[in-house]
Amino acid sequence: MATTSALLALVLLASLLAGTVFSDDIVPIHIPLLDRFQAWQAEYNRTYATPEEFQQRFMVYSENVKFIETMNQPGSSYELGENQFADLTEEEFKDTYLMKLDNVASSPEAMALTVDTMNRAGTSGGSNTNEAPNSVDWRTKGAVTPVKSQQHCGSCWAFAAVASIEGVHKIKTGRLVSLSEQEIVDCDRGGNNHGCHGGHSSSAMEWVTRNGGLTTESDYPYVGRQGQCMSDKLGHHAAKIRGRQAVQGKNEGALQHAVAGRPVAVSINASRAFQFYKRGIFSGPCNTTRNHAVTVVGYGANASGHKYWIVKNSWGERWGEKGYVRMQRGVRAREGVCGIAIAPFYAVM
């Protein structure tokens, strides 16, 4: 037979789900995880239409909390935490925020040593890192715009491409301009890019080159969905590039050399652990099946000598380290952690 406290807890949960309001003379039973969920709801302004939906999301949240706490073991190089994705199943998260794997597989980026037909004169970056400094952070050099949010749209590929273009534009002109991801999402149709259903940063750079440039974020604001291309904006060129350059694939030394010169767009595997990243140097678990595009804006090492990449994400500033993740650098696998070194690209002016 269930204990009195367990029965009272079930009554409280049922009352909460039904929207019952307790009178002042009734002391509610303390249910730590339920309290925690309600606090999370308040923090992220999350509400549910029905008691059934509340119950479903509470169960999903509970499973995610269990996963987070299981992963947060003593001695780990990083910590996971509850964030805006805590009430989503792994499949829901993938369907909403990541690129479809079949689209990624068909990308020209799938070749580790892609030859850039648009800019053969550029430097792809070799394996010699003697000329590269020990650490670089393009944020401190004013070449990185504030972290943006792709919202409920799998448009990470456009954000990674734009971050690379913004960086090289600042380096070449001295002006940091926030450029429009929405113009790419709306207007770069067909081929390898599919709006909110995924795409490829290298192809986005090719489109910007063919278009003659890209307008500003303020001129063509981001709305989090693919809409009709505003063709009257296509000639508003706030930044121009003449192509994109492939970095030698499966070579972290080449990637370091490239990042020393500018921010670089990469594609990675965003695993369940990556979904809930909070702080520290992320080292997996993940595989090399790439489903998410991000931008490497620097690299360095912590006080213990553990090397990392500084990676700008597009999930807003409340994810990770104010929108960034440090990912392990210098691993044995040629692909790099989560496939980060498989197929990097950067914009060329």
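As a basis for the values below, the full set of heavy atoms in this structure was taken, side chains included, without hydrogen atoms, waters or symmetry mates. Predicted model only: the values in this text are computed from it and were never measured.
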Please go through L176's hydrophobic cluster and name the other residues, only I, L, V, M, F, W, Y counting, with side-chain heavy atoms under 4.5 Å joining them. none
Less than 4.5 Å apart, side chain to side chain, heavy atoms only: is that true for M349 and K240? no
Under a 4.0 Å threshold between the charged nitrogen and the carboxylate oxygen, would E92 count as salt-bridged to R57? yes
Between E252 and R329 (salt bridge meaning N to carboxylate O under 4.0 Å), is one present in this structure? no
Is there a path of hydrophobic side-chain contacts, each under 4.5 Å between heavy atoms of I/L/V/M/F/W/Y residues, joining L33 to Y48? yes
Do the charged groups of R36 and E69 touch, with an N to O distance under 4.0 Å? yes
Take atom CG in N45; do more than 12 heavy atoms of anything else shown fall under 6.0 Å from it? no
Parallel, tilted or perpendicular: which fits the ring planes of W319 and Y277, with parallel below 30° and perpendicular above 60°? tilted
Heavy atoms, side chains only, cut-off 4.5 Å: are D137 and K141 in contact? no
Just wondering, are more than 12 heavy atoms of other shown residues or ligands nearer than 6.0 Å to CE in M59? no
Decide whether K148 and S178 meet the rule of one side-chain donor and one side-chain acceptor closer than 3.5 Å. yes
Under 3.5 Å side-chain donor-acceptor pair for Y308 and S77: no
